[in-house]
Novice: 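I'd like to ask you about the structure that follows.
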Amino acid sequence: MHRYRSHTCGALRDGDIGAVVRLSGWCHRIRDHGGVLFIDLRDHYGLTQVVADPDSPAFKVAETLRAEWVVRIDGKVRRRPGGTENADLPTGAVEVYISGIEVLGPAAELPMPVFGEQEYPEEIRLKYRFLDLRRERLHANIIKRGQIIDSIRRRMREGGFFEFQTPILTASSPEGARDFLVPSRLHPGKFYALPQAPQQFKQLTMIAGFDRYFQIAPCFRDEDARADRSPGEFYQLDVEMSFVTQDDVFGAVEPVMRGVFEEFAGGKPVTPKFPLIPYREALAKYGTDKPDLRNPIEMQDVSEHFRGAGFKLFAKILDANPKNRVWAIPAPGGGSRAFCDRMNSWAQGEGQPGLGYIFFVEEGGATLGRGPVANNVGPERTDKLRTQLGLKAGDAVFFVAGDPNVFVKFAGPARTKIGEDLNLIAKDQFAFCWIVDFPMYEWSEEEKKIDFSHNPFSMPNMEPDAFLALDGSDKDTILNLKAIQYDIVCNGIELSSGAIRNHRPDVMKKAFAIAGYSEDVLEAKFGGMLRALSLGAPPHGGIAPGIDRIVMLLCGEENLREVVLFPMNQRAEDLLMGAPSEVTAKQLRELHIRLALPEKS
RNA sequence: GGGGGCGUAGCUCAGUUGGUUAGAGCGCUAGCCUGUCACGCUAGAGGCCGCGGGUUCGAGUCCCGUCGCUCCCGCCA
């Protein structure tokens, strides 16, 4: 007999009846009836009911056991008495009659029970993460995470990709997120940085003549957390390919994403062919570059109906600036004054002056618009509006007006709110799309200059010679430039971002010059990259889907902490290990570091 | 850095208009209980009402400050 177990707690079936077995596990639940005592013994594999009664030599010990003690029990498998089988357990046909017990690991009183599904404060859950992980749901999520990553690896290998490892200690990069810095002992005053992503390394791997790179890569960014953004560290499925166009990247990655989702979605439908939505169109229809396509609402430009019309507020806005627009957010089924008023006060809560609306009613065989907007623009224009939007009695429409670049930040959430409140969102599915044609540059209001909109390594979407001939001071043209840059979005969550890279040094220099970076800066920050590009670089591109977000979606969780084994809290603290922590004076001395702490006020 | 929500027993929460001794369920301890699987029954222990200050005859409750957790904005190429 093995020292600890002959079977796992999920193994025994009626075929094992009569066998003498040894099980080890945690006392999940103890039910003491005085004369007979039941313990649900739990391990990674399942639950088995073990039983003792006063005839058992182990009864005295059994009575002393408490929840979450780790024990080894010996006993004989027997059929449960008729009518007491538990169909909810795979082992529910049998039980083990205990003949011996050894306590392997007693437990003090628990700060949070493992049994049951009650909610507990994050602080306690994180401090006692190992207890939380014993609970069924979290345990299952972590297992599923591993299975998903296995599946991704298999699919990538089958697609001809090869897994690489890139450095964790690297150089600080000037763009993007804040770096985590690591002081160098050997080089006083100098620092390594943890990679924000293996971006440059994967490009260098392509330039080094490899092809079809992938890695389940840890990424480190010293930025604040969100529910769907872990503080500090997270994992990406990092992908890069040589001699490819955008279509080739999509052709390689889309089947992997779809396959993984179909495998783990538990029967929920997955978009069979991801639609391509240009960035501009996404903003115009959905008010965001990460649309939730489960929400059927699409916005439309209805400016023409309001030009010179009786609704003075909108007419004036349209006259004030040729860029201004009025957009309509249709609300099928929202055609009641109560709903429209509720949306209006919601908008005011969001810091808006209000939310114009029309709702449609059936009256005397005609469909009529109601509400202040309808009254002011008149029945004819109201009906044209209704026809353009394809609405009927019982529906409503809301309006946002002004500079679309400004109001889009409100229109997107309004569309979401309407969809949710009217129950229009088809919850049980995974709705994917590609967002393409991102702008290359954007206007930085903070720095009052043109800056890269996303990745400075992306290739502009135009012929290199034409790009090289651009006038960098032609602001309108520059801001309209597109990059070969794309995102995968699923259910309103940005799953990944990628690009065809800029592999030409001359185009790279020009691209940085437009964003106001001198060649010196480019050389200082990306000298290695530039040298690599000038010594025979293949055209290449890739993408980097976020592993944690994929797992979160597939586990049906709203927060990344539910799918990460040992997550930090929102303030980037590890409450279990006590990180970050102070270090000794000796450690600091070796690193040539003296602290200059902020004064406490 | 800014905004919202929350903070009462180990945990989940209730606590009326400011009123006398702050409650319930789960958990814990003890006792009873031979077929439970959220076992049941009885009793008990357990409270700096986050912390500090203020208003008041009187504060868990009202006000100010502060700390913690969380969600969001900024930020995240």
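Atom set for the values below is all heavy atoms of this structure, side chains included, hydrogens, waters and symmetry mates excluded. Each chain gets a letter, A, B and so on, in the order its sequence line appears, and its residues count up from 1.
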Novice: With distance as the sole criterion, do the side chain of A/Arg31 and the base of B/C33 form a donor-acceptor contact below 3.5 Å?
Specialist: no
Novice: Can you list the residues that meet the side-chain hydrogen bond (donor to acceptor under 3.5 Å, both in side chains) rule with A/Glu223, with sequence neighbours excluded?
Specialist: A/Arg178
Novice: Of all the choices, B/U34, B/G35, B/A38, which nucleotide is nearest to the side chain of A/Pro54 once you look at every atom?
Specialist: B/U34
Novice: Using a strict heavy-atom distance below 4.0 Å, which residues from residues 83-93 of chain A are in contact with RNA chain B?
Specialist: A/Thr84, A/Glu85, A/Asn86
Novice: What distance, rounded to whole Å, do you find between the two C1' atoms, one in B/C57 and one in B/C13?
Specialist: 32 Å
Novice: OP1 or OP2 of B/C69 sitting under 4.0 Å from any side-chain N/O of A/Arg571?
Specialist: yes
Novice: Can you tell me how far P in B/U70 sits from the matching atom in B/C76, rounded to whole Å?
Specialist: 22 Å
Novice: Can you tell me how far P of B/C71 sits from CZ of A/Arg226, to the nearest Å?
Specialist: 10 Å
Novice: Determine the Euclidean distance between corresponding P atoms of B/G40 and B/G19; express it in Å to zero decimal places.
Specialist: 36 Å
Novice: Figure out the CZ/P separation between A/Arg78 and B/U36, and round it to whole Å.
Specialist: 14 Å
Novice: So, does the side chain of A/Arg561 form a donor-acceptor pair with the base of B/U70 at under 3.5 Å?
Specialist: no
Novice: Do any of residues 482-491 of chain A sit with a heavy atom less than 4.0 Å from RNA chain B, and if so which?
Specialist: none
Novice: Using whole Å, report how far NZ of A/Lys409 lies from C1' of B/C72.
Specialist: 16 Å
Novice: Does the ring of A/His33 meet both stacking tests against the six-membered base ring of B/C39: centre distance under 5.5 Å and plane angle under 30°?
Specialist: yes
Novice: With rounding to whole Å, what would you report as the distance between B/G15 and B/G7 at their C1' atoms?
Specialist: 15 Å
Novice: Which residue, A/Arg571, A/Arg129, A/Arg561, A/Lys127, forms the salt bridge (charged side-chain N to carboxylate O under 4.0 Å, His left out) with A/Glu122?
Specialist: A/Arg561
Novice: Does any donor-acceptor pair link the side chain of A/Glu223 with the base of B/G74 at a separation under 3.5 Å?
Specialist: no
Novice: Would you indicate what A/Glu494 reaches in the nucleic acid, counting non-hydrogen atoms under 4.0 angstrom: base, sugar-phosphate, or nothing?
Specialist: nothing
Novice: When you check the gap from the basic side-chain N to the acidic O, do A/Glu68 and A/Arg42 get nearer than 4.0 Å?
Specialist: yes
Novice: So, for A/Phe234 and A/Phe220, is the gap between ring centers shorter than 6.0 Å?
Specialist: no
Novice: In whole Å, I'd like the distance from the CE atom of A/Met568 to the C1' atom of B/U70.
Specialist: 17 Å
Novice: Let me check I have this right: for RNA chain B, each base becomes ., (, ), [, ] or |, based on Watson-Crick or G-U pairs with both distances under 3.5 Å. What is the full string?
Specialist: (((((((..((((.....[...)))).(((((.......))))).....(((((..]....))))))))))))....
Novice: Taking the six-membered ring of A/Tyr517 as reference, does the cationic atom of A/Lys449 (NZ for Lys, CZ for Arg) lie under 6.0 Å from its centre and within 45° of its axis?
Specialist: yes
Novice: Say we look at B/U20 and B/G74: how far apart would their P atoms be, to the nearest angstrom?
Specialist: 48 Å
Novice: Any chance OH of A/Tyr235 has more than 12 other-residue heavy atoms, nucleotides or ligands included, within less than 6.0 Å?
Specialist: no
Novice: Quickly work out the A/Lys127 NZ to B/U70 P distance and round it to whole Å.
Specialist: 14 Å
Novice: Base, sugar-phosphate, or nothing: which does A/Glu123 touch, judged by heavy atoms less than 4.0 Å apart?
Specialist: sugar-phosphate
Novice: Counting only distance, no hydrogens or angles, is the base of B/C75 paired donor-acceptor with the side chain of A/Arg229 under 3.5 Å?
Specialist: yes
Novice: If you count the non-hydrogen atoms of other residues, nucleotides and ligands that lie under 6.0 Å from NZ in A/Lys482, is the total more than 12?
Specialist: no
Novice: Between B/U70, B/C71, B/G74, which one does the side chain of A/Asn559 approach most closely?
Specialist: B/C71
Novice: Whether the side chain of A/Arg221 and the base of B/C76 hold a donor-acceptor pair under 3.5 Å is what I'd like checked.
Specialist: no
Novice: Between A/Ile30 (CD1) and B/G35 (P), how many Å, whole number?
Specialist: 19 Å
Novice: If I pick the P atom on B/A9 and the same atom on B/G60, what distance separates them, to the nearest angstrom?
Specialist: 14 Å
Novice: If the threshold is 4.0 Å, N to carboxylate O, is there a salt bridge linking A/Lys510 and A/Asp506?
Specialist: no
Novice: Are the charged groups of A/Asp548 and A/Arg229 less than 4.0 angstrom apart, N to O?
Specialist: no
Novice: If we take the P atom in both B/G65 and B/C28, what is their distance in whole Å?
Specialist: 43 Å
Novice: Would A/Arg226 and A/Asp228 pass as an ion pair if we require N to O under 4.0 Å?
Specialist: no
Novice: Using the C1' atom in both, what is the distance from B/G58 to B/A45, to the nearest Å?
Specialist: 30 Å
Novice: How many whole angstroms separate atom CD1 of A/Ile39 from atom C1' of B/C39?
Specialist: 15 Å
Novice: Just to be sure I understand the rule, does A/Asp224 reach a base, reach only the sugar-phosphate, or reach nothing, if contact means heavy atoms closer than 4.0 Å?
Specialist: base
Novice: For nucleotides 25-28 of chain B, print each protein N/O atom paired with a nucleotide N/O atom at under 3.5 Å, atom names and distance only.
Specialist:
| unit_1 | atom_1 | unit_2 | atom_2 | d |
| --- | --- | --- | --- | --- |
| B/G27 | OP1 | A/Arg29 | NH2 | 3.4 |

Novice: Looking at A/Arg79 and A/Glu85, is there a salt bridge between them, counting it only when a charged N and a carboxylate O are closer than 4.0 Å?
Specialist: no
Novice: Is a salt bridge present between A/Glu557 and A/Arg137, judged by a nitrogen-to-oxygen distance below 4.0 Å?
Specialist: yes
Novice: Would A/Phe201 and A/Phe164 count as a close aromatic pair, with their ring centres under 6.0 Å?
Specialist: no
Novice: Name the orientation class of the two ring planes belonging to A/Phe512 and A/Phe457 (parallel below 30°, tilted from 30 to 60°, perpendicular beyond 60°).
Specialist: tilted
Novice: Rounded to the nearest Å, what distance is computed from the CD atom of residue A/Gln570 to the C1' atom of nucleotide B/G4?
Specialist: 13 Å
Novice: Taking the six-membered ring for Trp, are A/Phe452 and A/Trp443 closer than 6.0 Å centroid to centroid?
Specialist: no
Novice: Applying side-chain hydrogen bond (donor to acceptor under 3.5 Å, both in side chains), name anything that partners A/Glu562, two or more places apart in sequence or on another chain.
Specialist: A/Arg125
